[in-house]
Amino acid sequence: MAMTDAPSATDTRDEQGSTSVPTRTLDALNFFLADVRDGLGPYLAIYLLAVRGPAHGWNEATVGAVLTIAGIVGLISQTPAGSLIDRTRNKPRIVMIAALLVTLSSISLPIVTGFTVVAITQSIAAVAGAVFAPAISAITLGLVGPKLFAKRVGRNEAFNHAGNAVSAALAGVLAWKFGPVVVFWLMGGLTVASIVTASRIDNGAIDNAVARGLDCEPDDDCDEPSGWKALIENKPLMIFAVTAFLFHLANAAMLTSVSQLLSRTVGKDQATSLTAACIVAAQLVMVPVAIVVGRNTEKWGTKPLFLVAFAFLAVRGALYTVSNDPWWLVGVQALDGIGAGIFGALFPVVIADLTKGTGRFNVSQGAVASAQGLGAALSASLAGAIIVGAGYTAGFLTLAVVAGLGLALYLVAMPETKKRG
């Protein structure tokens with residue numbers, strides 16, 4: 001299916017007036033994909049623990065094992081996904097296919113049983129989900145060019161977080177009446193909206209050379225992509241991969257652990273709604289954070305902002321141990337809006353800076369995403385095992401310590417990627 005629709009009257013142009021940018025279409029795509037790209041997320045833990053429960057052999061440890069398996073499969077897929085995006089000439093179509101696969105894998109959960117089948121369905125969703133981040137970044141870079149990339153990524157993240165907030169709010173309200181199964185219906189509707197929106201992006205307006213990080217403008221001749229050796233020898237890129245690993249090792253299991261704690265204390269239906277409230281609180285904070293970061297990255301630099309992200313992540317882990325009151329947990333989760341909001345807005349920007357002119361932007365995104373995916377996958381098992389053995393307080397404090405290690409490494413070893421002044 002050819003993507004040849006002309007940009008709408010609401011589309012804008014960049015500062016040079018050279019590249020047609022479907023601004024509102026990108027806004028809508030990030031909004032609708034927000035609830036699709038991560039699959040069931042924390043709702044998977046609630047569904048397996050509260051709906052299936054110990055009677056069917058599910059506890060925090062087995063849930064963590066499923067999340068780890070899917071996470072490992074997903075992280076193995078990250079680098080190939082980035083390479084696919086570098087090579088494909090129709091990136092919007094790839095987004096549509098991935099959205100469909102994630103949704104079909106997720107909505108099959110109520111009709112499948114057994115650890116193995118659940119692990120397989122979630123692994124399929126993880127493989128497809130690996131495509132979204134590099135695809136959206138590549139589409140954006142190919143449309144706006146490197147000069148406006150940081151600002152546009154901030155706007156992308158703002159609409160992504162707004163979409164998460166709206167979908168989580170809907171899930172929370174509807175769960176009171178229909179139970180946790182409502183998240184499956186919601187995902188199906190948002191997938192349809194995502195596919196329709198992606199089909200409206202003019203594929204011909206995407207400069208594929210610029211989209212893969214070659215140091216050129218759309219009308220210039222581009223050098224050939226560099227070899228893998230140039231990326232492996234890129235020390236700052238390797239350091240950034242390690243810090244991304246530590247960030248997600250600390251962050252990924254926090255919301256999942258909170259949702260499990262809520263299911264133990266208030267019941268499955270209220271836990272679904274309160275988990276939705278946790279997501280809404282964080283996403284509402286992420287919206288302004290992403291916009292501010294995107295607009296000021298060139299002025300403030302990336303390193304100070306990332307240090308702030310790690311600091312808030314460590315504090316958040318410690319504050320979870322203060323009280324089990326549901327609304328206290330919701331309030332603490334709002335701090336995720338600062339840490340994860342900064343990370344999401346700057347992740348592709350830092351990689352674009354470190355790989356500028358190599359032609360390996362998207363495959364580098366995939367490689368670093370593999371590192372952060374490994375951290376996220378191990379986070380679930382790490383937290384699950386500690387919670388089962390020593391309780392929730394020990395689990396949260398462990399995650400906070402990991403965040404502190406990430407902060408120290410970034411402070412000592414990671415250079416600034418923006419040339420200021």
Query raised in the report: Should Thr25 and Arg200 be marked as a side-chain hydrogen bond (donor to acceptor under 3.5 Å, both in side chains) after you check the CA-CA gap, both sets of side-chain angles, and the distance that decides it?
Result: CA-CA 7 Å; Thr25 304; Arg200 295 187 65 247; 3.3 Å; yes

**Report entry** Worked check of side chain to side chain contact (heavy atoms under 4.5 Å, CB included) between Arg295 and Ile291
**Finding:** CA-CA 6 Å; Arg295 290 179 176 177; Ile291 292 174; 3.6 Å; yes

Report task. Could you walk me through whether Ser370 and Ile76 pass the side chain to side chain contact (heavy atoms under 4.5 Å, CB included) test, one step at a time? Result -> CA-CA 6 Å; Ser370 295; Ile76 293 173; over 6 Å; no

Report task. Evaluate side chain to side chain contact (heavy atoms under 4.5 Å, CB included) for Lys151 paired with Thr297, printing each intermediate quantity in order. Result -> CA-CA 8 Å; Lys151 184 176 181 180; Thr297 298; over 6 Å; no

Requested in this report: Decide side chain to side chain contact (heavy atoms under 4.5 Å, CB included) for Ile201 and Ile206; before the verdict, give the C-alpha distance in whole Å, the side-chain angles of both, and the deciding distance to 0.1 Å.
Outcome: CA-CA 9 Å; Ile201 294 178; Ile206 301 171; 4.2 Å; yes

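Atom CG of Asp27 and atom CZ of Phe32 lie 11.0 Å apart (nearest 0.5 Å). Ile136 contributes atom CD1, which lies 9.0 Å from atom CD1 of Ile85 (distance to the nearest 0.5 angstrom). Remark: Ile351 CD1 to Leu346 CG distance equals 11.0 Å, nearest 0.5 Å. For the atom pair CD of Glu298 and NZ of Lys147, the computed distance is 11.5 Å after rounding to the nearest 0.5 Å. Note that CD1 of Ile386 and OG of Ser257 are 9.5 Å apart. Values are rounded to the nearest 0.5 Å. If you take CD1 on Ile342 and CG on Leu305, they are separated by 5.5 Å, rounding to the nearest 0.5 Å.
If you run side chain to side chain contact (heavy atoms under 4.5 Å, CB included) between Ser194 and each of Leu33, Val102, Val95, only Leu33 comes through. Here the rule is side-chain hydrogen bond (donor to acceptor under 3.5 Å, both in side chains) with Asn30, and of Asn156, Thr197, Asn160 only Asn156 fits it. Considering Phe312, Trp300, Tyr410, Phe347 as possible partners of Phe306, the one that fulfils the ring-ring contact (aromatic ring centres under 6.0 Å, His included) test is Tyr410. Put simply, the residue from Asn208, Asn362, Asp86 that forms a side-chain hydrogen bond (donor to acceptor under 3.5 Å, both in side chains) with Lys91 is Asn208.
With a 4.5 Å cut-off on side-chain heavy atoms, Val258 and Met254 do not count as touching. Looking at Leu319 and Trp328, their side chains come closer than 4.5 Å, going by heavy atoms from C-beta outward. Annotation: side chain of Ile69 is not in contact with side chain of Gln122 (no heavy-atom distance under 4.5 Å). With contacts defined as side-chain heavy-atom distances shorter than 4.5 Å, the pair Leu397/Thr393 qualifies.
In terms of heavy atoms, Ser105 sits closest to Thr121 at CB-O, 3.2 Å. Across all non-hydrogen atoms, the minimal contact from Leu101 to Ala128 is CB-CB, 3.7 Å. In plain terms, the two heavy atoms of His161 and Ala290 that are nearest each other are CD2-CB, 4.2 Å. Ala340 and Met286 get closest at one heavy-atom pair: CB-CE, 3.6 Å. Nearest approach of Phe245 to Ala371, heavy atoms of both residues: CD1-O, 3.3 Å. Residues Ser364 and Leu237 come closest through the heavy atom pair OG-CD2, 4.2 Å.
When the ring-ring contact (aromatic ring centres under 6.0 Å, His included) test is applied to Phe31, no partner is found at least two apart in sequence or on another chain.
At distances below 3.5 Å, not a single donor-acceptor pair connects side-chain atoms of Gln372 with backbone N or O atoms of Ala244. Although no hydrogens or angles enter the test, the distance criterion places no donor-acceptor pair under 3.5 Å between the side chain of Thr103 and the main chain of Leu100. Under a 3.5 Å cut-off, the side chain of Ser379 and the backbone N or O of Leu249 do form a donor-acceptor pair. Within the 3.5 Å criterion, the main-chain N or O of Leu378 finds no donor-acceptor partner in the side chain of Ser381. When atom types are taken as modelled, the side chain of Glu416 and the backbone of Thr302 share a donor-acceptor pair closer than 3.5 angstrom. Put simply, the side chain of Thr243 gets close to the backbone of Phe240: a donor and an acceptor are under 3.5 Å apart. A donor-acceptor pair under 3.5 Å is absent between the side-chain atoms of Lys303 and the main chain of Thr417, judged by distance alone. Remark: the backbone N or O of Thr79 is not paired with any side-chain donor or acceptor of Ser83 at under 3.5 angstrom. No donor-acceptor pair under 3.5 Å is formed between the side chain of Asn251 and the backbone N or O of Phe247. Judged by distance alone, the side chain of Asn234 and the main-chain N or O of Leu354 form a donor-acceptor pair under 3.5 Å.
Between Arg212 and Asp207 there is no salt bridge, since none of the side-chain N atoms of the basic residue sits less than 4.0 Å from a carboxylate O of the acidic one.
Among residue pairs with one or both ends in residues 348-382, those qualifying as ring pair (Phe, Tyr, Trp, His ring centres under 6.0 Å) are Phe149-Phe361; sequence neighbours excluded. The side-chain hydrogen bond (donor to acceptor under 3.5 Å, both in side chains) analysis of residues 332-351, with sequence neighbours excluded, yields the pairs Arg316-Gln333, Arg316-Asp336, Tyr320-Gln333, Gln333-Asp336.
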